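As the structure is a computational prediction, the values presented were derived from the model and not from experiment. Each chain gets a letter, A, B and so on, in the order the sequences are listed, and its residues count up from 1.
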There are 2 protein chains.
Amino acid sequence: MPELNTTDALAQISFLIQDMVERRAAEHEGSLIQTRLLGILRDRKPTINELAALLGLDKSSVSGLVDRAAKRGWVRRVPSMVDRRSVRVALTDAGRSVVDSVAAGFAQDIEQLLAPLSDGDRDAITDVLTRVLIAHAREHGVDLFANLVR
Amino acid sequence: MPELNTTDALAQISFLIQDMVERRAAEHEGSLIQTRLLGILRDRKPTINELAALLGLDKSSVSGLVDRAAKRGWVRRVPSMVDRRSVRVALTDAGRSVVDSVAAGFAQDIEQLLAPLSDGDRDAITDVLTRVLIAHAREHGVDLFANLVR
DNA sequence: TATTGTTATACTCTATAACTATA
DNA sequence: TATAGTTATAGAGTATAACAATA
């Protein structure tokens, strides 16, 4: 069997996974970044600034992103109670339905991708990847469990 | 230690890796897709149509992509000898220098990311991911070893 | 007629800079 | 003055449809 080096294997698997998310998002006329936005909103109502930090984007980019998500009926801006300059972004029922559907489809894609693996192999890569992610999050001062799609 | 499930771990690692490629590309005012383009051209001179298939884009998107890469001096269009409708896209010396530099930086990022792992863990995930990628490529009729960044 | 590539058009996504309302 | 968010502007990236040149 031919073998990839570790770098190539990780690069290729990441392109594959991004592509899966994009395809699932496209089923709802959405994009990868829209899916990430909805994913964050599943369990939070962040401000625009907080979203910018979580997504690694400028606040003006997030403002437009939220505009387009709102136009599709997936999110709404809720005025902040404590600071009249600020808004909180919340998922609508339609938005929750979309993100749930994308997440379910994506889980199915991963299920199929990993079908050739034994339970032991699966546990092994989950364990190793988790350790890598935790170490990376610690080094960069990020809370791994409050980020990305989930 | 907290644990992610397999789907979350794979999703997060893929976002992390894409981000690494993007940051390295940005060191040369490039993007992820420009880097993928240059990566493909490292060992081939494809037509626009072939590039469209390899990148999963419409040929008109590739036409613009190549325009912008050419404007930066990274690629050039070479008239085909056999079909006067067709062009082949080739890397320039400047383009090769950019893609080599991005690849080297990315390899360094992965090195650092995997620093916490033992040699055994490293071999294990490389082996498992390679098997997954080969199975996926076979099922989708793709030649794994003629694709993506490399 | 069919194929290769480009162009016109429209939209999403992104950053920078300037602006407003509020703090 | 400083901060939260929006808007104006510019550019990359993408797809669809129409087109010219060639097969």
Starting at the 5' end of DNA chain C and moving along, which residue's nearest nucleotide shows up first, A/R84 or A/K71?
->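 It is A/K71 whose nearest nucleotide is closer to the 5' end.
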Do we see a donor-acceptor contact under 3.5 Å between the side chains of A/S86 and A/T47?
->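 Their side chains do not contain a donor-acceptor pair, so the 3.5 Å distance test is not met.
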Given atom [atom1] of [X] and atom [atom2] of [N], what is their separation to the nearest angstrom?
| X | N | atom1 | atom2 | answer |
| --- | --- | --- | --- | --- |
| B/L37 | D/dA12 | CG | P | 15 Å |
| B/E22 | D/dA12 | CD | C1' | 12 Å |
| B/I33 | D/dG11 | CD1 | C1' | 17 Å |
| A/E29 | D/dA15 | CD | P | 15 Å |

For B/E111, enumerate each residue passing the side-chain hydrogen bond (donor to acceptor under 3.5 Å, both in side chains) test, keeping only those at least two apart in sequence or located in another chain.
->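 If we apply the side-chain hydrogen bond (donor to acceptor under 3.5 Å, both in side chains) test to B/E111, skipping adjacent residues, the hits are B/R122.
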With A/R23 via side-chain hydrogen bond (donor to acceptor under 3.5 Å, both in side chains) - residues at least two apart |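 Residues passing side-chain hydrogen bond (donor to acceptor under 3.5 Å, both in side chains) with A/R23: A/D19.
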Check salt bridge (Lys or Arg N to Asp or Glu O under 4.0 Å) between B/R85 and all other residues, then give those that pass, not counting sequence neighbours.
-> B/D83
Residues two or more places apart in sequence or in another chain: which of them pass salt bridge (Lys or Arg N to Asp or Glu O under 4.0 Å) with A/D58?
-> none
Let me check something: any side-chain donor-acceptor pairs from residues 61-75 of chain B under 3.5 Å, sequence neighbours excluded? List them with distances.
| unit_1 | atom_1 | unit_2 | atom_2 | d |
| --- | --- | --- | --- | --- |
| B/D67 | OD1 | B/R77 | NH1 | 3.0 |
| B/D67 | OD1 | B/R77 | NH2 | 3.1 |

Positional range of nucleotides in DNA chain C within the contact set of chain A, heavy-atom, under 4.0 Å =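 Listed 5' to 3', the contact boundaries are C/dT12 to C/dA23.
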Sequence neighbours excluded, every pair satisfying salt bridge (charged side-chain N to carboxylate O under 4.0 Å, His left out) that has a member inside residues 88-98 of chain A = A/E50-A/R88
Per-nucleotide protein contact along nucleotides 2-10 of chain D, 5' to 3', at a 4.0 Å heavy-atom cut-off (B base, S sugar-phosphate only, - neither), is BBSBBB---
So which pairs with a foot in residues 30-55 of chain A pass ring pair (Phe, Tyr, Trp, His ring centres under 6.0 Å), sequence neighbours left out?
-> none
